[in-house]
Asker: 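Sharing a structure with you now.
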Amino acid sequence: MRIGYPCINRTIGCKANRTFRLKSYSEERLVTTVQDNLDCLKAMLRFNAANSILFLRIASDLIPFASHPINRVDWEKCFSTEFCQIGDLVRNFGMRISMHPDQFVVINSPDTDVFNRSVAELVYHARVLDAMGLDMTAKIQLHVGGVYRDRKQSMERFTQRFFSLPEVVRRRLAIENDDRLYTFRDCLTISSETGVPVVLDVFHHQVNGSGDTVKEVLEMVGSTWGDEHGPPMVDYSLQKPGGRRGSHAASLDVQVFARFLGETRPYDFDIMLEIKDKEESALRAVRLAREDERFFEGRSKG
DNA sequence: CAGTGTCAAGGTGGA
DNA sequence: TCCACCTTGACACTG
C-alpha cells in the first residue's frame with residue numbers, strides 16, 4: 001500500500017501547479033512557469049521519498065494552457081530532460097503517479113466540441129506521463145460525465161467514445177465514481193465493456209452509493225485492475241464536520257482512518273488522501289501505518 | 001499589502 | 001431560458 005496526497009505540498013515552499021491568466025499569456029511566461037513547476041515537482045518527489053509518501057497526483061496545471069490553441073510551445077521537447085529526471089525519481093523510489101483532469105473534461109457529452117476539447121486535454125495528460133517514461137500503472141482518472149436525462153444512453157455513449165480515443169489515452173484511463181450521478185456499479189458496467197479499471201472514491205461512495213460495505217466494493221472494484229494497471233487506486237476523504245455536504249475535512253481523523261484500514265483488510269491498494277492539509281495528513285497516515293505493520297501485511301488484490 | 005472578484009474549459013437543478 | 005451552485009485554489013486587480 002502506497003499513501004499519497006493530491007497536487008499540493010504546503011511544507012516545501014513551492015508549488016508545481018502555478019499558472020497565470022490567459023490575458024497574460026506569452027511564450028516566455030509559459031516557459032518560465034513550466035520550468036518552475038517542473039523544478040518544484042522534483043522537490044516534491046524528494047520530500048515525499050524522504051517521508052515514505054509514495055503516491056502523488058500531479059496537478060493538471062503543470063503545463064498551463066497545455067491543450068489551448070494559444071499554446072504553440074513544444075513543451076515536450078523543450079523540457080525532455082526534466083521529464084526524464086522526474087521519471088527516474090518516480091521509478092527509483094518505487095512511486096506511483098496519477099492525474100485527474102478537471103470537470104470540463106467530459107467524454108460522454110453530446111456536444112462534439114466539448115468531446116474534442118476533452119480529447120485534447122486527455123492527450124496532454126497522457127503525453128506528460130509518457131514523457132516521464134512511466135508505465136501503465138500511472139493513471140488518468142476521470143468521471144463518467146453527464147447524464148443528459150438518459151443514463152443508459154449516456155453510459156453507452158461513454159463506451160462508444162472511449163473506443164474512439166487515441167491509444168495513448170485509452171491505455172491510461174481509469175474511471176471514478178462521483179458524488180451525484182454515477183456510482184461504482186455504473187463504473188463497473190462501463191469497465192466490463194471497455195476494460196477500464198475503476199478508481200473507488202470512498203467518500204463519494206458514502207454519499208452516492210448502494211449501501212455495500214467498503215470491503216465488498218473493494219473486492220468488486222479490485223478485480224478491474226489487471227497486472228498491467230498495478231494495484232487499485234482509492235481516493236479517501238471525509239466530510240468536513242458541520243461543513244456543507246461534499247466539502248472535505250480539514251485534516252485526517254486518524255482514528256477513523258485506522259478503522260477504515262482495518263475494515264479493508266486483506267485488500268491491497270494505493271490510497272490518495274484528499275484532505276485539505278495535504279501532505280500533513282499523508283505524514284500522519286504513514287506514521288500510523290508504521291506503528292501498526294498489520295495494515296501492510298497480508299494484503300492482496302481484490 | 002490586504003481584500004476580493006474572477007478565472008479556458010461543463011453539468012445540474014431550481015426559478 | 002437563465003442563473004446560482006458544485007469545489008478548490010490562486011491570479012491579479014482594487015483600494
Side-chain angles (χ1 to χ4, degrees), chain A residues 5-26 28-30 32-34 36-37 40-41 44 57-73 75 99-125 140-151 153-155 157-158 161 169 175-183 186 201 203-204 206-208 235-251 272-281:
Chain A
Y5 60 93
C7 305
I8 294 168
N9 182 308
R10 292 143 102 119
T11 304
I12 59 175
C14 70
K15 298 272 168 69
N17 63 331
R18 299 208 61 187
T19 183
F20 51 88
R21 292 287 107 99
L22 182 57
K23 275 199 295 186
S24 326
Y25 186 91
S26 72
E28 195 195 349
R29 181 92 188 251
L30 182 84
T32 57
T33 304
V34 171
D36 288 349
N37 284 345
C40 185
L41 181 53
M44 279 173 87
R57 182 181 302 162
I58 294 177
S60 296
D61 275 334
L62 186 72
I63 318 272
F65 307 106
S67 69
H68 191 284
I70 200 172
N71 185 352
R72 319 273 299 184
V73 175
W75 48 267
M99 296 185 82
H100 194 339
D102 283 310
Q103 61 194 24
F104 34 80
V105 174
V106 187
I107 283 184
N108 77 343
S109 174
D111 183 335
T112 50
D113 289 336
V114 172
F115 172 66
N116 289 332
R117 281 194 292 271
S118 298
V119 173
E121 183 71 0
L122 286 168
V123 167
Y124 149 63
H125 283 75
I140 303 168
Q141 62 185 89
L142 197 64
H143 294 296
V144 176
V147 167
Y148 314 102
R149 286 184 275 180
D150 189 337
R151 305 173 59 76
Q153 197 185 13
S154 295
M155 286 169 67
R157 192 167 48 251
F158 182 100
R161 291 277 179 75
V169 172
I175 51 173
E176 178 191 355
N177 58 313
D178 66 74
D179 58 352
R180 290 185 359 270
L181 307 176
Y182 292 104
T183 66
D186 297 324
D201 186 308
F203 185 32
H204 291 165
Q206 284 171 359
V207 178
N208 177 35
D235 283 358
Y236 180 92
S237 60
L238 287 174
Q239 171 72 45
K240 178 180 181 177
R244 276 197 301 276
R245 176 186 163 281
S247 62
H248 289 179
S251 94
M272 181 64 63
L273 301 175
E274 296 185 324
I275 314 278
K276 282 257 189 198
D277 65 5
K278 307 286 179 181
E279 83 284 358
E280 282 290 319
S281 285

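All chains are named by letter (A, B, ...) in the order of the sequence lines, taking the proteins before the strands, and each is independently numbered beginning at 1. The structure displayed is predicted, hence computed values, not measured ones.
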Asker: Using a 3.5 Å limit on both pairing distances, list the dot-bracket string of DNA chain B from the 5' end; Watson-Crick and G-U wobble pairs count, crossing pairs take [ ], interstrand pairs take |.
Answerer: |||||||..||||||

Asker: Taking the P atom of each, how far is dG5(B) from dC5(C), in whole Å?
Answerer: 14 Å

Asker: On a whole-Å scale, what distance lies between the P atoms belonging to dA2(B) and dT8(C)?
Answerer: 25 Å

Asker: Determine the Euclidean distance between corresponding P atoms of dT12(B) and dG9(C); express it in Å to zero decimal places.
Answerer: 25 Å

Asker: How would you list, by chain and number, every residue that makes a side-chain contact (heavy atoms from CB on, under 4.5 Å) with Asp102(A), sequence neighbours excluded?
Answerer: Ser60(A), Phe104(A)

Asker: Strictly under 4.0 angstrom, non-hydrogen atoms only: write out the protein contact profile of nucleotides 9-15 of chain C, one letter per nucleotide from the 5' end, B, S or -.
Answerer: SSBS---

Asker: Run the salt bridge (charged side-chain N to carboxylate O under 4.0 Å, His left out) test against Asp186(A) and tell me which residues pass, sequence neighbours left out.
Answerer: Arg151(A)

Asker: Tell me, please, which residues at least two apart from Tyr124(A) pass ring pair (Phe, Tyr, Trp, His ring centres under 6.0 Å).
Answerer: Trp75(A)

Asker: Rounded to the nearest Å, what distance is computed from the CG atom of residue Leu122(A) to the C1' atom of nucleotide dA9(B)?
Answerer: 13 Å

Asker: Distance between the P atoms of dG14(B) and dT7(C), in whole angstroms?
Answerer: 16 Å

Asker: Among residues at least two apart in sequence or on other chains, which ones pass salt bridge (charged side-chain N to carboxylate O under 4.0 Å, His left out) with Arg117(A)?
Answerer: none

Asker: What is the distance, rounded to the nearest whole Å, between atom CG of Asp61(A) and atom C1' of dT8(C)?
Answerer: 11 Å

Asker: Do Glu280(A) and Ser251(A) come close enough that some side-chain heavy atom pair is under 4.5 Å?
Answerer: no

Asker: Quick one: list whatever passes salt bridge (charged side-chain N to carboxylate O under 4.0 Å, His left out) with Asp235(A), sequence neighbours left out.
Answerer: Arg57(A)

Asker: Quick one: list whatever passes disulfide (SG to SG under 2.5 Å) with Cys40(A), sequence neighbours left out.
Answerer: Cys14(A)

Asker: What's the CG-P distance between Asp178(A) and dT7(C), to the nearest Å?
Answerer: 12 Å

Asker: For atom P, what is the distance between dA12(C) and dA8(B), given to the nearest Å?
Answerer: 9 Å

Asker: How would you summarise protein contacts on nucleotides 10-15 of chain B per nucleotide, using B for base, S for sugar-phosphate only and - for none, with heavy-atom distances below 4.0 Å?
Answerer: BSS---

Asker: Take atom OH of Tyr124(A) and atom P of dA8(B), then tell me their distance rounded to the nearest Å.
Answerer: 16 Å

Asker: Partners of Thr19(A) by side-chain hydrogen bond (donor to acceptor under 3.5 Å, both in side chains), sequence neighbours excluded?
Answerer: none

Asker: Quick check: does any side chain N or O of Asn108(A) sit under 3.5 Å from a backbone N or O of Gly146(A), one acting as donor and the other as acceptor?
Answerer: yes

Asker: Identify, with sequence neighbours excluded, every residue that meets ring pair (Phe, Tyr, Trp, His ring centres under 6.0 Å) alongside His100(A).
Answerer: His143(A)

Asker: Expressed as a whole number of Å, how far does the P atom of dG3(B) sit from that of dC6(C)?
Answerer: 24 Å

Asker: Please enumerate all residues that pass ring pair (Phe, Tyr, Trp, His ring centres under 6.0 Å) together with Phe115(A), with sequence neighbours excluded.
Answerer: none

